[in-house]
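Quick note on labels: first sequence line is chain A, next is B, and so on, each numbered from 1. No hydrogens, no waters, no symmetry mates; every other heavy atom, side chains included, goes into these values.
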2 protein chains.
Amino acid sequence: MTEKTTLTDAVHQLLRRAIIEQALKPGMRLPEDTVGEQFGVSRTIVRHALVRLENEGLVVTRRNRGAFVAEPSLEEAKHVFEARRALEVEVIRLLVERMPSSGYDQLEAHVRSEQSVKGKDGPVSIRLAGEFHILMAELTGNAVLARYVSEVVLRCSLIMAMYAKSHSSECAVDEHSQIIVAIRDGDVRRATSLMDHHLGAVAGRAELEPKQDSVSSILSRYGKELAS
Amino acid sequence: MTEKTTLTDAVHQLLRRAIIEQALKPGMRLPEDTVGEQFGVSRTIVRHALVRLENEGLVVTRRNRGAFVAEPSLEEAKHVFEARRALEVEVIRLLVERMPSSGYDQLEAHVRSEQSVKGKDGPVSIRLAGEFHILMAELTGNAVLARYVSEVVLRCSLIMAMYAKSHSSECAVDEHSQIIVAIRDGDVRRATSLMDHHLGAVAGRAELEPKQDSVSSILSRYGKELAS
DNA sequence: GATAGGTCAATTGGATACAATTTACTTGCC
DNA sequence: GGCAAGTAAATTGTATCCAATTGACCTATC
């Protein structure tokens, strides 16, 4: 059964993945013509994809200037993490209440695949870590929640790519396992606490120090001096 | 200072408002050129607006068939309410923690404007009730959270328009006041409990009985008999 | 009379063409 | 040499055009 998908969808997903895996770095320009030629499609398609990506917070567009890969500020990053925590705590609650029968198998299988790339800090590791959370959200059966979780997780991936010095995936994978156990035990309190700690750790690691000097972060440091 | 806004934005907002206020009823078709002629713009613009509305869950598009005003199922409605509760509980928590100085004034002013249309069940009343929640979310200073709350509130408005027999705005306005008081008291527990009850009541009212027989609700009732 | 097949109208999917706006560079003046 | 204005290039904003797909209606056959 070949799912019929539109070109817009394809370009959308490709760009998204490229951004998450840092092939397209934050702040980089995304001219419609260039991207279109690259994929062999017209500006129209690229445009639609860029609109979607903007809605997802992965790119920003400036009027008559074009689209750029988003450079989330530390404040914005904090906001994303706040929203994410709220959403994922709800996911935990729902999973304790109604985890589907094959849910644990899927989660454990995913953790195993995460462990298989253990040690390698990189795009793949970041992507897999995010997909674990997305999988959890999907297992709630709540498509709305799943979509929002998916969005914030992707934005967090971008944030981590910008700010985190190392993803420290070993720690994360272990925490993922612990969360599964807590859910299986029906212990909402412990599971949410673990998730809270998990996300807090991720957020904390990110806020320590900017990984690379982005244009905007530089300007924000020097801005005050120029505002005479 | 005249904010320069794009045509897409304008059409987007107009359509959104028309849907929320039930000028465009659930299930209604939205042909691109018809809408375009109506607003005096080209299909391109309408198309972009429809893409956004689809992302917001207010319209659904079927491949090569066109866009329709969404007809959320009861299950989908439940999902939206679940997500909404999670988000709004977080809003409460954040407001107790860091309500901006002018926040209470703005909230109370809004409640007064809600009271001014008291008794009139209708589009305006529904819209105002929703905007109260959106205002609260904006007061957290978290734009991400505010955007998500905004989306689920709008979808809930659509859901209420479809399913609720009466909006019972008096009750809601009173509950809004109580929530403000609880937040001012710094009582997270009571405030979240009130919000939970408030949303639960709204959801419960919606789930009682479909207001009008939508095409899909009819089909869902007869679907089992045809699946011989 | 019902059903299968075919043709046709309607509508979207996508590409191209034109207009408007912004940026960057050049040139002239102080 | 620096600054300002004007001009040109590049890129987006918008409109129009062609192709592909879908649904409906009509017809012929069993």
Side-chain angles (χ1 to χ4, degrees), chain A residues 1-15 19 24-56 58-71 215-216 218-219 226 228, chain B residues 1-15 19 24-71 214-216 218-219 226 228:
Chain A
M1 125 182 170
T2 51
E3 262 296 334
K4 264 194 185 172
T5 176
T6 92
L7 281 178
T8 303
D9 286 331
V11 173
H12 176 207
Q13 283 185 229
L14 280 172
L15 283 177
I19 292 173
L24 298 171
K25 295 210 159 50
M28 195 171 277
R29 289 204 59 204
L30 299 173
E32 295 174 0
D33 287 341
T34 308
V35 178
E37 284 174 21
Q38 197 69 21
F39 291 124
V41 297
S42 139
R43 274 183 54 210
T44 313
I45 307 298
V46 179
R47 199 174 181 64
H48 282 109
L50 289 176
V51 168
R52 292 197 196 171
L53 288 168
E54 183 179 23
N55 280 334
E56 293 173 357
L58 293 181
V59 316
V60 295
T61 64
R62 301 165 85 102
R63 189 181 166 77
N64 288 317
R65 286 286 336 262
F68 303 79
V69 178
E71 300 180 274
V215 176
S216 60
I218 292 173
L219 292 182
L226 293 171
S228 63
Chain B
M1 130 180 168
T2 50
E3 262 298 332
K4 262 194 187 174
T5 178
T6 163
L7 280 179
T8 303
D9 286 330
V11 173
H12 176 207
Q13 283 185 230
L14 281 171
L15 283 177
I19 292 173
L24 297 171
K25 295 209 159 51
M28 196 171 276
R29 289 205 56 202
L30 299 172
E32 293 174 0
D33 40 12
T34 306
V35 177
E37 285 173 21
Q38 197 69 22
F39 291 124
V41 297
S42 136
R43 274 182 54 208
T44 313
I45 308 298
V46 179
R47 197 177 184 65
H48 283 119
L50 288 177
V51 169
R52 291 198 196 171
L53 288 168
E54 184 180 20
N55 279 335
E56 293 174 358
L58 292 181
V59 315
V60 294
T61 63
R62 301 164 85 104
R63 190 181 166 74
N64 287 318
R65 287 285 339 259
F68 303 79
V69 179
E71 301 179 273
S214 68
V215 177
S216 60
I218 293 174
L219 293 182
L226 293 172
S228 62

Pairwise distance CG(A/Leu30) to CG(A/Leu15) - rounded to 0.5 angstrom: 6.5 Å
Looking at B/Asp9 and A/Arg63, is there a salt bridge between them, counting it only when a charged N and a carboxylate O are closer than 4.0 Å? no
Can you check whether B/His48 and A/His48 have ring centres sitting under 6.0 Å from each other? yes
Rounded to the nearest 0.5 Å, how far apart are CZ of A/Arg62 and CZ of A/Phe68? 6.5 Å
Between the side chain of A/Arg52 and the main-chain N/O of A/Gln13, is any donor-acceptor distance below 3.5 Å? no
In 5'-to-3' order, the base (B), backbone-only (S) or no-contact (-) status of each nucleotide in nucleotides 7-15 of chain C, using a 4.0 angstrom heavy-atom cut-off, is ----SBBSB
